[in-house]
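Excluded from the calculations below are hydrogen atoms, water molecules and symmetry mates; all remaining heavy atoms, backbone and side chain alike, are included. Everything numeric here is computed off the predicted structure, so don't read it as measured data.
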Amino acid sequence: KGISILRGNKIFDEMLENIYLDLRIVEDNLLDKNSAAIVQSDGKIFLNKNFKLSEREWAYVIAHCILHLSFNHFDFAKIPKSNFSEKIFE
């Protein structure tokens with residue numbers, strides 16, 4: 001959901017073609033229950049499957065994460081440690 005909207009936008013379509021992006025849908029117990037998504041600097045975006053958003057709202061959430069990746073803008077104090085990914089894929 002949401003990616004098709006971004007593909008329809010020239011700027012985001014170009015970004016999607018030129019960055020590594022790995023979207024993962026996960027349970028809310030792996031994210032803060034109030035977080036729709038978390039993005040990591042390695043290109044992983046974890047989407048909270050229990051968040052009920054419209055396709056347009058998901059497009060906004062994913063676009064926000066893509067912008068963080070594109071501008072390498074991260075608050076490293078708030079990003080989960082690297083074992084966060086390992087916990088999800090055990």
> Any heavy-atom pair between the side chains of Ser70 and Ile19 that's under 4.5 Å?
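With C-beta onward as the side chain, the pair touches.
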> Would the number of heavy atoms belonging to other residues, nucleotides or ligands and lying under 6.0 Å from CG of Leu67 be above 12?
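For Leu67, atom CG is crowded (more than 12 foreign heavy atoms under 6.0 Å).
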> With sequence neighbours excluded, what pairs up with Ala59 under the side-chain contact (heavy atoms from CB on, under 4.5 Å) test?
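Per chain and number, Ala59 pairs via side-chain contact (heavy atoms from CB on, under 4.5 Å) with Ile5, Leu6.
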> Rounded to the nearest 0.5 Å, what's the gap from CG on Leu69 to CD1 on Ile62? Could you check?
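It is 12.0 Å, given to the nearest 0.5 Å.
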> Please list, chain by chain and in numerical order, all residues satisfying side-chain contact (heavy atoms from CB on, under 4.5 Å) with Phe51, sequence neighbours excluded.
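For Phe51 the side-chain contact (heavy atoms from CB on, under 4.5 Å) partners, ignoring immediate neighbours, are Ala36, Asn48, Leu53, Trp58.
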> Measuring only between side-chain heavy atoms, which start at C-beta, is Met15 closer than 4.5 Å to Phe12?
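Result yes, sub-4.5 Å side-chain heavy-atom pair found.
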> Answer yes if Tyr60 and Ile66 sit in the same cluster of Ile, Leu, Val, Met, Phe, Trp and Tyr residues linked by side chain heavy atoms under 4.5 Å apart, and no otherwise.
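Not linked; separate clusters.
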> Is the shortest side-chain heavy-atom distance between Ile45 and Ile38 below 4.5 Å?
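Side chain of Ile45 against side chain of Ile38, heavy atoms only: no contact under 4.5 Å found.
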> Going by the rule salt bridge (Lys or Arg N to Asp or Glu O under 4.0 Å), which residues pair with Glu27 if we only count those two or more places apart in sequence or in a different chain?
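Result, salt bridge (Lys or Arg N to Asp or Glu O under 4.0 Å) vs Glu27: Lys49.
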> Applying side-chain contact (heavy atoms from CB on, under 4.5 Å), name anything that partners Ser4, two or more places apart in sequence or on another chain.
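Ser4 satisfies side-chain contact (heavy atoms from CB on, under 4.5 Å) with Glu55 only.
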> Once side chain to side chain donor-acceptor pair (under 3.5 Å) is applied, do any residues pair with Asp13, and if so which ones, sequence neighbours excluded?
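Listed in chain order: Arg7.
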> Could you give the distance from CD (Gln40) to NE2 (His68), rounded to the nearest 0.5 Å?
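Going from the CD atom of Gln40 to the NE2 atom of His68 covers 13.5 Å.
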> Asn34: which residues meet the side chain to side chain donor-acceptor pair (under 3.5 Å) condition with it, sequence neighbours left out?
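Side chain to side chain donor-acceptor pair (under 3.5 Å) check on Asn34 returns nothing, list empty.
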> Would you check if Asp22 and Asp42 make a side-chain contact, meaning some heavy-atom pair closer than 4.5 Å?
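Heavy-atom side-chain distance check fails, nothing below 4.5 Å.
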> Count the heavy atoms belonging to other residues, nucleotides or ligands that lie under 6.0 Å from CD1 of Ile25, then report whether that count exceeds 12.
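Not buried by this count: 12 neighbours or fewer within 6.0 Å.
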